[in-house]
Amino acid sequence: MAQPNRNARQWKFLDIFTAMFFSLVLLFFLLVFTPFGDPLADSGRQALLLSTSDPKQRHRFVSLVELGEHRQPIDPCPPDSVDHMPCEDPKRNSQLSRYMNFYRERHCPLPDEMPLCLIPPPLGYKIPIQWPESLHKVWHSNMPHNKIATRKGHQGWMKEEGPYFIFPGGGTMFPDGALPYIDKLRRFMPIKGGIIRTALDMGCGVASFGGSLLAEGILTLSFAPRDSHKAQIQFALERGIPAFVLMFGTRRLPFPAFAFDFIHCSRCLIPFAAYNATYFIEVDRLLRPGGFLVISGPPVQWPKKEKEWEELQAVARALCYELIIVEGNTVIWKKPDRDPCLNPNEFRIGLCDESDDPNVAWHVNLKRCVTPSFINGGYAIGKIPGWPERLLRAPSRALIMNNGIDLFQADTRRWATRVAYYKNTLKVKLGTPAIRNVMDMNAFFGGFAAALETDPVWVMNVVPARKPLTLDIIYDRGLIGVYHDWCEPFSTYPRTYDLIHVASIDSLTKLPGSRNSSCSLVDLMAEIDRMLRPEGTAVIQDSPGVIKKVARIAHVLRWVTTINNKEPKSPGRGKILVAAKTFWHL
C-alpha cells in the first residue's frame, strides 16, 4: 500500500512544477508581446536613464526613443538639479587647475557621462512675469536665492519684497542706479544716435547696466561666470535681459573679431595687464575699430592698486588707444579706427600672423598678438552704417563668401516671409508679451532675428562652430550671438528661453561633410527642454523624416506638438514642428 502513495506524491510534485513552468512561459509572452509589460519595461529603462555606469544601455535607450519604441515620458532629474548646468558644474570643475581661472571655464562631461532626465522646476515655480515689467521684478519662488540680495542690496542690485525680487537698477560702481552712470558716459561717448549698437558687459552682475541701455537702442550681451553669487546670470535672463554664462580664462571668448562697438567692465576685476596683457589683447580682438572701452573700478585710480593702474595705461598706450577721460574710478578709451598701431612696449606684443583667423574662437586658446583690422573685411565705427540702417544692409564681410551679397539678401527675404507665416498661420505667439527671450540655434546670417526686430524680443543667435563662421555678419547687422557646438550643453541656466527656433536640426548633430552623427538627437532635444521655460515654444524645421523622428522624441519630453507644412511657394519638402513644453512639477 505504501508504493501507490509514493507515486501519488511524485505525480503531485510534477504537476506543480509543470504548472509553474507554463505559468512563467505565459508571463513571458504577456510581458513581451502585449502592452501589459510596458510599465515594467519602462521602469527598468527609466532606471538606466539616471545611471551613467553602462554607456551601452544608454545607447540602447536612445535608439528606442528615436524609433518610437519607448512611449513613456522620460523621468525627472533629482530635485537638487533644478539649476543644473552640465558644463559649469562646481563639483566637477573644482578639481581642475586654478591657473588663469581654467577651472571656472566650460568643462563638459561626455554624453555617456550625463544622465538622460528632465530638469524639474523648483518648488513653487510660476510662469515668469512678462516684459517689460520683468525688467524691474521677478518671482522670488522661481529663483529662491537670497545671497545676492543680502550681500548687494545696499548697492542697489536687488532686494526681496513680498513674493518678488525687486531690481532698483544699481550696481557696485553705480549704487544710485545705472541711468545716472549712463548719463555720465554720454558726455564722452555717442550713446544716442545709432552709432553704438552692440555692447559687451563683462562681469555684469544682474545686468542692470545692459538692461538700461536697451532704452538707448544699444543691444548689450552681458556675461559673468557661475561664481559665489551663483545665480546672477539667471536673474538677468529671468528679467528678459540678454545674458550668458561665461568665464574670461584661458580661451578666446566665443565671439568673432570686431564684434562689439562698446565693451564695458564695471568692477569686473579682470586683470587686463596680467600674463603680458593677454586679456587686454583679447578685448582688442573683440572691439570694433573706433569702438569704446570703459573700465570702472579697480585698478582705475584705486587705493593700493597704483602698479596695476600704471600697467593698464601702459598696455593701452602700446596699442595706441586714445584716452578720452579719466574721471574718478572710470576710464574711457577709444580704439584706433585705422590699421593696427603698435608702440614699443614692455609686453612684447606683436601682430598676429595672416594665417591666424581672428573669427575662429571656439575652444581656441588666448593669443598674445594683435589682430589687423583689415583681415576678413572688418571696418570702423563711423564707416559702418548706423542703427537701424545696418540691420538690412549687406555688410562688407559678406563679400568673403561666394555670392555673399545675394545670399544675404535672399536670406533676409526668406525669413521675413517665414516669420509672417509663423505668426499668421501657425499662430506662434511672436510679437506678444508671452515671448521675450528667443534663441536661434542655427542662425547663419541672423535673418530670423532681423525679421523680429519690431517685436519686443531679443534673440541669441547661435552659429554652430562646425559650420561657416558667419557670426561676424550677424554682429555687423547690429545683432548679437555666440559660437557653440550643439554636441555640448549650452552655457545657460534651465528655464531661460521663451522660444527656441532651429532650422535643419539634424545637421547640428552631424560631422562636417558627413552623414554620420557625432551626437544624439535625443540628447540635443533634452538640452532644448532644459533651456526652455514651462509653456515655452519650440519651432523646428527639417525634412519630413527628421520631423517625424523629432515628434517621437518630443512625446517622451512631454511636449505637445503639431506638424505643419512649410509656407506656400517655399522650395523643398520640409515640415515645421511647433511644440509647447508642458508645465509639470515633481
Side-chain angles (χ1 to χ4, degrees), residues 119 121 125 127-132 134-135 138 142 214 219 221 234 236-244 415-444 446-463 474 479-482 484 486 490 492-505 508 524-542 547 550-551 553-554 557-564 566-567 575-583:
I119 300 289
Y125 181 85
I127 298 302
I129 294 169
Q130 294 180 345
W131 180 266
S134 63
L135 181 63
V138 302
N142 286 9
L214 289 170
L219 187 58
L221 182 52
Q234 192 176 19
L237 288 161
E238 187 78 1
R239 299 175 69 187
I241 302 172
F244 182 59
W415 282 111
T417 301
R418 190 162 291 173
V419 166
Y421 180 69
Y422 287 170
K423 294 178 178 179
N424 300 327
T425 302
L426 302 188
K427 304 304 180 184
V428 177
K429 295 180 181 179
L430 286 163
T432 74
I435 295 177
R436 170 62 183 171
N437 298 354
V438 177
M439 174 185 284
D440 188 1
M441 294 175 62
N442 192 9
F444 192 44
F448 172 71
L452 299 176
E453 181 49 40
T454 58
D455 292 349
V457 302
W458 69 272
V459 182
M460 177 66 85
N461 293 283
V462 183
V463 171
I474 289 172
L479 305 172
I480 57 174
V482 296
H484 185 68
W486 283 114
F490 193 75
T492 194
Y493 284 86
R495 304 171 302 280
T496 50
Y497 286 91
D498 300 301
L499 184 141
I500 295 179
H501 175 265
V502 53
S504 302
I505 189 172
L508 303 184
L524 177 56
M525 290 186 61
E527 174 63 5
I528 295 174
D529 183 84
R530 187 186 72 87
M531 297 187 292
L532 201 58
R533 288 172 168 170
E535 299 187 3
T537 302
V539 179
I540 302 173
Q541 296 182 43
D542 217 306
I547 289 297
V550 166
I553 300 170
L557 297 175
R558 312 180 190 216
W559 295 0
V560 178
T561 64
T562 60
I563 296 177
N564 310 273
K566 292 170 67 175
E567 68 274 16
K575 295 285 187 178
I576 302 172
L577 180 139
V578 178
K581 177 178 174 177
T582 56
F583 188 175

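Residue indices begin at 1 and follow the sequence shown. Values reported hereafter were calculated over all heavy atoms of this structure, with side chains retained and with hydrogens, waters and symmetry mates removed.
- When every heavy atom of Ala554 is checked against every heavy atom of Thr561, the shortest pair comes out as CB-CG2, 3.6 Å.
- Counting heavy atoms from C-beta outward, Glu238 and Ser134 have side chains that stay 4.5 Å or more apart.
- Annotation: side-chain hydrogen bond (donor to acceptor under 3.5 Å, both in side chains) contacts of Arg418 (sequence neighbours excluded): Gln541, Glu567, Ser570.
- Considering every non-hydrogen atom in both Gly446 and Leu479, the closest pair reads O-CD1, 3.7 Å.
- The shortest side-chain heavy-atom distance between Glu535 and Arg533 does not fall under the 4.5 Å cut-off.
- Listed here is the closest heavy atom pair of Ala449 and Asn461: CB-OD1, 3.4 Å.
- Proximity of Met525 to Ile505: side-chain heavy atoms (C-beta onward) are separated by under 4.5 Å at one or more points.
- Every side chain to side chain contact (heavy atoms under 4.5 Å, CB included) that Ala551 has, sequence neighbours left out, goes to Ile563, Leu577.
- Residues satisfying the salt bridge (Lys or Arg N to Asp or Glu O under 4.0 Å) test with Asp440, not counting sequence neighbours, are none.
- With sequence neighbours excluded, the residues that form a side chain to side chain contact (heavy atoms under 4.5 Å, CB included) with Ile119 are Cys77, Ser81, His84, Pro494, Arg495, Arg530.
- For Thr492, the side-chain hydrogen bond (donor to acceptor under 3.5 Å, both in side chains) criterion is met by Thr496, not counting sequence neighbours.
- Phe444 is not listed as a side-chain neighbour of Trp415, based on a closest heavy-atom distance of 4.5 Å or more.
- Remark: Asn442 engages no residue in a side-chain hydrogen bond (donor to acceptor under 3.5 Å, both in side chains) (not counting sequence neighbours).
- Of the possible polar contacts, none joining the Arg436 side chain to the Trp131 backbone as a donor-acceptor pair under 3.5 Å is found.
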Residues 450-460, side-chain donor-acceptor partners within the protein, below 3.5 Å, at least two apart:
residue	atom	partner	partner atom	Å
Asp455	OD1	Lys423	NZ	3.1
Asp455	OD2	Lys423	NZ	2.8
Trp458	NE1	Asn437	OD1	2.7

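- Listed by chain and residue number, Phe583 satisfy the ring-ring contact (aromatic ring centres under 6.0 Å, His included) test with Tyr125 (two or more places apart in sequence, or in another chain).
- Considering only heavy atoms from C-beta on, Val550 stays 4.5 Å or farther from Asp542 through its side chain.
- Scanning for ring-ring contact (aromatic ring centres under 6.0 Å, His included) contacts around Trp559 gives an empty result, with sequence neighbours left out.
- Between the CG atom in Leu557 and the CG atom in Asp529 there is a gap of 5.0 Å [rounded to 0.5 Å].
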Cut-off 3.5 Å, no hydrogens considered: what does the side-chain donor-acceptor table look like for residues 424-433, sequence neighbours left out?
residue	atom	partner	partner atom	Å
Asn424	ND2	Ala420	O	3.1
Lys427	NZ	Asn424	O	2.9
Thr432	OG1	Lys429	O	2.7
Thr432	OG1	Ala434	N	3.3

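- Separation of atoms CG (Asp498) and CE (Met439) is listed at 12.0 Å; rounding is to 0.5 Å.
- Partners of Phe490 by ring-ring contact (aromatic ring centres under 6.0 Å, His included), not counting sequence neighbours, listed by chain and number: Phe244, His484, Trp486.
- From Thr537, atom OG1 reaches atom CD1 of Ile500 across 10.0 Å, with rounding to the nearest 0.5 Å.
- With sequence neighbours excluded, the residues that form a side-chain hydrogen bond (donor to acceptor under 3.5 Å, both in side chains) with Lys575 are Asn565.
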